[in-house]
**Student:** 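Handing you a structure now.
Predicted model, so just to flag it, every value in this text is computed and none were measured. Chain naming here is simple, since letters A, B, ... match the order of the sequence lines and numbering starts at 1 in each.
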Amino acid sequence: MDKKSKILPADFFNRDTLKVARDLLGKFLVRKIGRRVLSDVITEVEAYDGFDDRASHSHRGMTKRNEPMFGEAGIFYVYFTYGMHFMLNIVTGEKDYPAAVLIRGLQHVSGPARLTKKFRIDKKLNGLPVSKKSGLWVEDRGVVVSKKQIKQTPRIGVLYAGPVWAKKPYRFVFES
DNA sequence: TAAGTGATCTCT
DNA sequence: GAGATCACTTAA
């Protein structure tokens with residue numbers, strides 16, 4: 001393994017959700033499947049932050065599905081939707097504060113459901129820590145992301161959240 | 001542009 | 001229990 005690459009610790013995720021989202025751009029998502037290791041650069045993320053965020057699953061309170069969002073920073077929140085797609089999120093912030101970052105795209109994979117398919121991410125990872133022992137983790141390999149390369153836009157597919165929350169610029173895109 | 005697909009949430 | 005919804009993708 002490259003000397004410069006380092007695995008992000010749980011602490012990385014225990015910060016303001018928007019900062020974590022932005023800082024995840026340029027980091028590598030790494031997946032171990034048996035003997036094979038897949039990795040790719042994270043290029044698109046969205047923040048879902050707090051109780052009031054009407055676009056977030058958490059805004060109606062804790063349910064069986066969104067329970068991991070209320071957990072500690074640095075665990076996965078994986079859920080199934082549209083009858084066929086898994087979504088990958090990483091939980092941020094303090095325990096009992098519901099927040100997470102949705103990984104929407106990688107350099108060679110666009111679309112949140114396609115990346116979970118390619119990386120074989122499913123509910124088994126739900127609630128597991130973002131670390132090597134889970135077989136899925138995030139590494140900093142020294143990619144420098146300048147402010148000019150970051151585009152900030154409203155989130156996708158959340159029009160139902162009403163004018164205020166649907167327009168929040170909580171989506172970050174890394175354009176290299 | 002719309003169908004597919006099924007878990008989950010929100011009422012009865 | 002029933003009905004609606006859904007942080008999407010693909011095919012046309």
Side-chain angles (χ1 to χ4, degrees), chain A residues 12-27 29 31 33 38 40-94 96-130 134 136-138 150-175:
Chain A
F12 177 91
F13 302 100
N14 193 6
R15 299 181 293 141
D16 179 78
T17 310
L18 292 173
K19 288 197 175 72
V20 173
R22 194 189 55 211
D23 289 350
L24 276 172
L25 297 177
K27 301 294 187 289
L29 185 68
R31 173 69 161 142
I33 304 166
L38 295 171
D40 204 349
V41 182
I42 296 170
T43 55
E44 185 182 349
V45 296
E46 285 179 4
Y48 288 85
D49 189 32
F51 297 93
D52 298 332
D53 185 349
R54 287 188 54 199
S56 172
H57 290 164
S58 61
H59 110 273
R60 274 180 253 245
M62 184 158 69
T63 67
K64 200 173 176 186
R65 177 175 63 161
N66 66 24
E67 186 186 353
M69 288 189 82
F70 291 77
E72 291 172 13
I75 63 172
F76 292 112
Y77 169 41
V78 180
Y79 71 92
F80 189 65
T81 192
Y82 294 110
M84 54 185 95
H85 300 306
F86 290 104
M87 298 287 130
L88 175 66
N89 301 251
I90 299 178
V91 176
T92 62
E94 301 286 331
D96 298 325
Y97 181 80
V101 175
L102 169 68
I103 311 296
R104 282 192 66 84
L106 309 174
Q107 194 161 58
H108 303 286
V109 189
S110 51
R114 296 173 88 195
L115 81 87
T116 55
K117 188 179 176 195
K118 182 168 178 185
F119 277 58
R120 301 210 201 155
I121 290 159
D122 62 24
K123 285 209 79 156
K124 288 200 284 292
L125 285 158
N126 194 36
L128 293 184
V130 181
S134 300
L136 181 64
W137 66 95
V138 182
I150 298 178
K151 289 269 186 305
Q152 213 174 331
T153 80
R155 292 170 291 186
I156 305 296
V158 295
L159 286 174
Y160 64 87
V164 175
W165 289 99
K167 284 183 186 162
K168 293 266 179 192
Y170 280 7
R171 174 169 173 257
F172 298 86
V173 183
F174 172 35
E175 295 177 343

**Student:** Establish, with yes or no, whether the OP1 or OP2 oxygen of C/dC8 is under 4.0 angstrom from a side-chain nitrogen or oxygen of A/Arg104.
**Tutor:**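 It does, given that an N or O in the side chain of A/Arg104 lies less than 4.0 Å from OP1 or OP2 of C/dC8.
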**Student:** Are OP1 or OP2 of C/dA7 and a side-chain N or O of A/Tyr77 less than 4.0 angstrom apart?
**Tutor:**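 Answer is no, no contact under 4.0 Å.
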**Student:** Rounded off to whole Å, could you give me the CZ-to-P distance for the A/Phe80 and C/dT9 pair?
**Tutor:**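 Computing the A/Phe80:CZ to C/dT9:P distance gives 13 Å.
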**Student:** When the distance from NZ of A/Lys118 to C1' of C/dC8 is rounded to whole Å, what number comes out?
**Tutor:**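 Roughly 18 Å, once rounded to whole Å.
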**Student:** Checking all strands, does A/Ala113 fall into the base, sugar-phosphate, or nothing category for heavy-atom contacts under 4.0 angstrom?
**Tutor:**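 Answer is sugar-phosphate: A/Ala113 comes under 4.0 Å of backbone atoms only.
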**Student:** Hey, could you give me the OG1/NE2 distance between A/Thr63 and A/His57, rounded to the nearest 0.5 Å?
**Tutor:**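 Answer for the OG1-NE2 pair, A/Thr63 versus A/His57, is 8.5 Å.
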**Student:** Indicate whether OP1 or OP2 belonging to B/dA7 is found under 4.0 Å from a side-chain N or O atom of A/Arg65.
**Tutor:**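 So the side chain of A/Arg65 is outside the cut-off, no N or O lying under 4.0 Å from OP1 or OP2 of B/dA7.
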**Student:** For A/Met62 and B/dT10, give me the distance from atom CE to atom C1', rounded to whole Å.
**Tutor:**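 Interatomic distance, CE of A/Met62 to C1' of B/dT10: 18 Å.
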**Student:** Quick one: A/Met87 CE to B/dG6 P, roughly how many Å, whole number?
**Tutor:**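 Atom-to-atom, A/Met87 to B/dG6, this comes out as 16 Å.
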**Student:** Could you check how far NZ of A/Lys117 sits from C1' of B/dG4, rounded to whole Å?
**Tutor:**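 Spelled out: NZ on A/Lys117 to C1' on B/dG4 is 14 Å.
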**Student:** Whole Å only: how far is the CZ atom of A/Arg60 from the P atom of C/dT5?
**Tutor:**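 Interatomic distance, CZ of A/Arg60 to P of C/dT5: 11 Å.
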**Student:** Under the ring pair (Phe, Tyr, Trp, His ring centres under 6.0 Å) criterion, do A/Phe172 and A/Phe174 qualify, and how do the steps go?
**Tutor:** CA-CA 7 Å; A/Phe172 298 86; A/Phe174 172 35; over 10 Å; no
**Student:** OP1 or OP2 of C/dA7 sitting under 4.0 Å from any side-chain N/O of A/Thr81?
**Tutor:**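 Indeed not, no polar side-chain atom of A/Thr81 lies that close.
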**Student:** Determine if A/Tyr48 stacks with C/dA7; use a centre-to-centre distance below 5.5 Å and an interplanar angle below 30° as the criteria.
**Tutor:**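 The base of C/dA7 is stacked with A/Tyr48 (centres under 5.5 Å, planes under 30°).
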**Student:** So which of A/Arg60, A/Arg155, A/Lys168 actually passes salt bridge (charged side-chain N to carboxylate O under 4.0 Å, His left out) with A/Asp53?
**Tutor:**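 That would be A/Arg155; it is the only one of A/Arg60, A/Arg155, A/Lys168 passing the salt bridge (charged side-chain N to carboxylate O under 4.0 Å, His left out) with A/Asp53.
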**Student:** Look at the side chain of A/Thr63 and decide which nucleotide, out of B/dT5, C/dT9, B/dC9, has an atom nearest to it.
**Tutor:**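 My answer, after comparing the listed nucleotides, is B/dC9.
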**Student:** Counting only side-chain heavy atoms from C-beta out, which of C/dC8, B/dG6, C/dA7 sits nearest to A/Val158?
**Tutor:**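 Nearest listed nucleotide: C/dA7.
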**Student:** Is there a side-chain contact between A/His57 and the phosphate of C/dA7, meaning an N or O under 4.0 Å from OP1 or OP2?
**Tutor:**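 Yes, because at least one side-chain N or O of A/His57 sits under 4.0 Å from OP1 or OP2 of C/dA7.
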**Student:** Taking any strand in view, what nucleotide pairs with C/dA2 in a Watson-Crick or G-U wobble way, both distances under 3.5 Å?
**Tutor:**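 Its partner is B/dT10.
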**Student:** Could you check which of B/dT8, B/dA7, C/dC8 has an atom nearest any side-chain atom of A/Lys123?
**Tutor:**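 Nearest nucleotide to the side chain: B/dT8.
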**Student:** To the nearest 0.5 Å, how far apart are CD1 in A/Ile103 and CG in A/Leu29?
**Tutor:**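 Output value for this atom pair is 6.5 Å.
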**Student:** Take the protein atom CD of A/Glu67 and the nucleotide atom C1' of B/dA7, then report the distance between them rounded to whole Å.
**Tutor:**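 From A/Glu67 CD to B/dA7 C1': 16 Å.
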**Student:** Should we say atom CD of A/Glu94 is surrounded by more than 12 heavy atoms from elsewhere, each under 6.0 Å from it?
**Tutor:**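 Atom CD in A/Glu94 is not packed in, count stays at 12 or less.
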**Student:** Within this structure, what is the CG-to-C1' distance between A/Asn66 and C/dC6, rounded to whole angstrom?
**Tutor:**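 Rounded to whole Å, this separation is 14 Å.
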